[in-house]
Amino acid sequence: MSIALSTSKHPKLIRVFESSTVGYSLLPRRLSTEPTALPPPSRQQNDDSIVKRAVQLLKISYREWDTTQLIHLLFSDPAPSSRVLFQIARRLPSSSHALKFLQFLQEKSPFPDTQALSSTFQAILELASREPDSRTNLYDLYKVSKEWNIPLTINSATLLLRCFGRNGLVEESVILFNELEHSSKNTHVRNVLISVLLRAGHVDHAFKVVDEMLQPEFDYRPSDVTGDIIFSGLMKRGRLGRTVELEEIVELVLKFGQFGVFPNSIGITQIIAMLCRNGKTNKACDLFLELMNLGAALKVATCNALLTGLGKDRYIDRMNEVMARMKEMDIEPNVITYGILINHLCKFRRVDEALEVFQRMNGGQEGDGVSVEPDIVIFNTLIDGLCKVGRQEEGLGLLERMKLQRDCAPNTVTYNCLIDGFCKAGETESGLELFDEMTREGAVPNAVTVNTLVDGMCRNGRINSAVKFLDEMRMKGLKGDVRAYTSLINAFCNVNNIGKAMEIFYQMLREGCSPDAMAYYNLISGLTQARRMDDATSVLSKLKEAGFHPDIVCYNHMISGFCNKNRMDKVQEMLNDMEEAGVNPDIITYNTLISYFSKTGDFKIAHRMLNKMSKDGVWPTVVTYGALIHAYCLNGHVDEAMKIFRGMDATRKVAPNTVIYNILIDSLCKNNDVELALTLMDDMKVKAVRPTTTTYNAMFKGLRDKGLLKQTFELMDRMIEQACNPDYITMEILTEWLSAVGETEKLKQFVHGQKVSASGAFVSDSLS
DNA sequence: ATAGGGTTAG
């Protein structure tokens, strides 16, 4: 049965409603009817019967409606409430049918009641939203509401907003919202609009709506739902229409916080973790503390995310602060919290504090807090931490403890940590014993185990055993990987066996193990040190062919190697290469070049380099000045060297170290200026730079050449005071000279560690 | 929250 509206004012509606065939709606009423104040029971019964009768009268075709009866039923005094009219309309067979009813009300009702019409209209919208083709129907109904001047109820508004949003009619949503009266634009309606805007990627518009709600005096405050919509929308990045900076999110979180609205725990954790990941750990911490002050219910996961970030940035104090706040808020640390603390303390080599935390989790404090059972990760972290500071024996103690605790059997990681610890301590045998033990204990060795042992043997000078071990393991089906080969390459390079190193490199390729950047770097480093620049060049091209990029260390090796060969053309080539690759020269690059140019006497170029590096924001270090000073000395310009020495301290604020003093003292002594050298010795005392055996040797030679015995005895005493041991050079100089001048007794005293000059201002000086 | 390879310059 098709229905045509009699009013020619709505031609489009005719078409739209013709197809409407949905019958009586059996769906439960989910939307609230408004106004909703429930009538008293007697009135309620009366209302129910009115609704029932009205529906009976209305559900037939509108052409057959008994208008007399209807008017009698609906328009007698008292007039039926909006609620009753809503219920009637809601029970009609279709939206077009209900619309006819609305028209009837509008035309026949003796009491003009806008609210009643609005409620009835809401019922029509609800019917239409469940009918096929609701998209166009609802849009057309929206136009009807405007043409008939029927204000939308709040539920009508949200229904339409949702429908428009779903169907991409964002502009229409906004227009509809703007047309609403202020009292209808409440939090609920705004939430729906914000959700529509966010989903359509209109972030800024959504923020504008939110901002208004966040104004202190505004009528409609944000609710938890507003927070949910905003924060869950922001967390799903990508379809927001633009990137929303983390700072913006943080600002919003804090503003919402003023209203007691917070993202859920997962949201807060995500924001904190993202801040930490983007290097804004301090911001994360501030946010955490502010949220606490605002009364947000923070969970342990959030604390853990923050602790992880703080740990990475080494903010141990702030970690302690977070722990203290957790306690204040009764947030129980879990095993992960303790894992983070222990891990970071270990990484900073503060193992004793890590052990303290470990004790604390075992319920070290009487009844204070719940004890958390350490798990395998905690044990492994601690064992690794102990091994890294050379306390592998204590690591063994923990291993035994693990065997006793249930559910905490030592695993591959446990043993790998211990094996590495013993190997690094030079105890390869213990490493191998642990390797045997792990198999017995059911911890399966893996590639890390093999790599660690191979590396350990290499470090301890047992390269051939390492090669053999790697081979044997491979036969047994336990393979090492590129790291094992890298250790071998490195070891062979270190003993200058470049041929073997290359052999290992090719063996690695043959065995289908592709070298990574580190493998290439090591080979290049070895080749440059062996002055084999042609080979180094060819490995560098292989590195590039394999898709890797040389890093600054690698370039520095190459540059240093070419400097040694006086191949400045090649050095230039490397520098050009670097520039093209966007790898900036660092302090070592500059030091290498400055050292080269000043040693070859090209001081002009060296100083030009010095200027350029500062311009590039690379500041000269004590090594830079050392290179210049050394070169000036070698070239016979000790005076120039002294000028640089005085300038570095005074104007550049770079403190000279032992190396600088040794170069100068040696040079001054050789140039017959022992007096100046002695003043440098005093200078060292003032600056608290400790002379070394080399320093004393240089001085003794100079003093001998000038025959200055008194000063020599004073320096011998100083050597004893500072527990600086003489070496064979010291003994050679002193023995020869002192025997010749008949001071053998003093020499004997010196050898026995007794002071040789009985009195003198110098001794008391140095004691003060 | 846990394990393995190099750091070049005076």
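Numbers restart at 1 for each chain; the letters A, B, ... are given by sequence-line order, proteins then strands.
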* **Over all atoms of both residues, closest heavy-atom pair of A:Gly311 and A:Phe348** =>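 Heavy-atom minimum between the residues: O-CZ, 3.3 Å.
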Closest to the [X] side chain, choosing from [options]:
X	options	value
A:Ile336	B:dG5, B:dA1, B:dA9	B:dA1
A:Thr381	B:dG10, B:dA3, B:dT2	B:dT2
A:Asn657	B:dG10, B:dA1, B:dA3	B:dG10
A:Lys599	B:dG10, B:dA9, B:dT7	B:dG10
A:Asn490	B:dG6, B:dA3, B:dA1	B:dG6
A:Lys347	B:dA3, B:dG5, B:dA1	B:dA3
A:Met518	B:dG6, B:dA1, B:dA3	B:dG6
A:Ala627	B:dA1, B:dT7, B:dG10	B:dG10
A:Val553	B:dA9, B:dG5, B:dG6	B:dG6
A:Asn591	B:dA9, B:dA1, B:dG10	B:dA9

Figure out the [atom1]/[atom2] separation between [X] and [N], and round it to whole Å.
X	N	atom1	atom2	value
A:Asn556	B:dT7	CG	P	13 Å
A:Tyr520	B:dG5	OH	P	21 Å
A:Phe379	B:dT2	CZ	P	17 Å
A:Lys312	B:dT2	NZ	C1'	15 Å
A:Met648	B:dG10	CE	P	16 Å
A:Asp551	B:dG6	CG	P	14 Å
A:Leu453	B:dG5	CG	P	12 Å
A:Trp619	B:dG10	CH2	C1'	21 Å

* A:Asp639 side chain reached by A:His637 side chain, heavy atoms, under 4.5 Å ->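 In short, these two side chains touch, coming nearer than 4.5 Å.
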* **Close side-chain approach of A:Tyr596 to A:Phe562, heavy-atom, < 4.5 Å** =>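 A side-chain contact is absent here, since even the closest heavy-atom pair is not under 4.5 Å.
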Classify the side chain of [X] and the base of [N] as holding, or not holding, a donor-acceptor pair under 3.5 Å.
X	N	result
A:Asn380	B:dA1	no
A:Asn416	B:dA3	yes
A:Thr486	B:dG5	yes

* To do: Indicate the ring-plane relationship of A:Phe469 and A:Phe435, choosing parallel, tilted or perpendicular according to the 30° and 60° boundaries.
  =>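 Judged by the thresholds at 30° and 60°, the geometry between A:Phe469 and A:Phe435 is perpendicular.
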* For A:Tyr555, the option from A:Asp577, A:Asp586, A:Thr589 that meets side chain to side chain donor-acceptor pair (under 3.5 Å) ->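 With A:Tyr555 as partner, A:Asp577, A:Asp586, A:Thr589 yield a single side chain to side chain donor-acceptor pair (under 3.5 Å), made by A:Asp577.
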Remember a base hit wins even if backbone is also touched, and classify [X] as base, sugar-phosphate or nothing at under 4.0 Å, heavy atoms.
X	value
A:Asn411	nothing
A:Asn304	nothing
A:Ala484	nothing
A:Asp375	base
A:Ala631	nothing
A:Ile660	base
A:Val450	nothing
A:Thr452	sugar-phosphate

* With sequence neighbours excluded, what pairs up with A:Tyr415 under the ring-ring contact (aromatic ring centres under 6.0 Å, His included) test? ->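 A:Tyr415: no ring-ring contact (aromatic ring centres under 6.0 Å, His included) contacts found.
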* Asked: Should A:Arg350 and A:Glu356 count as an ion pair when the cut-off is N to O under 4.0 Å?
  ->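 A salt bridge is absent here (no side-chain N lies under 4.0 Å from a carboxylate O).
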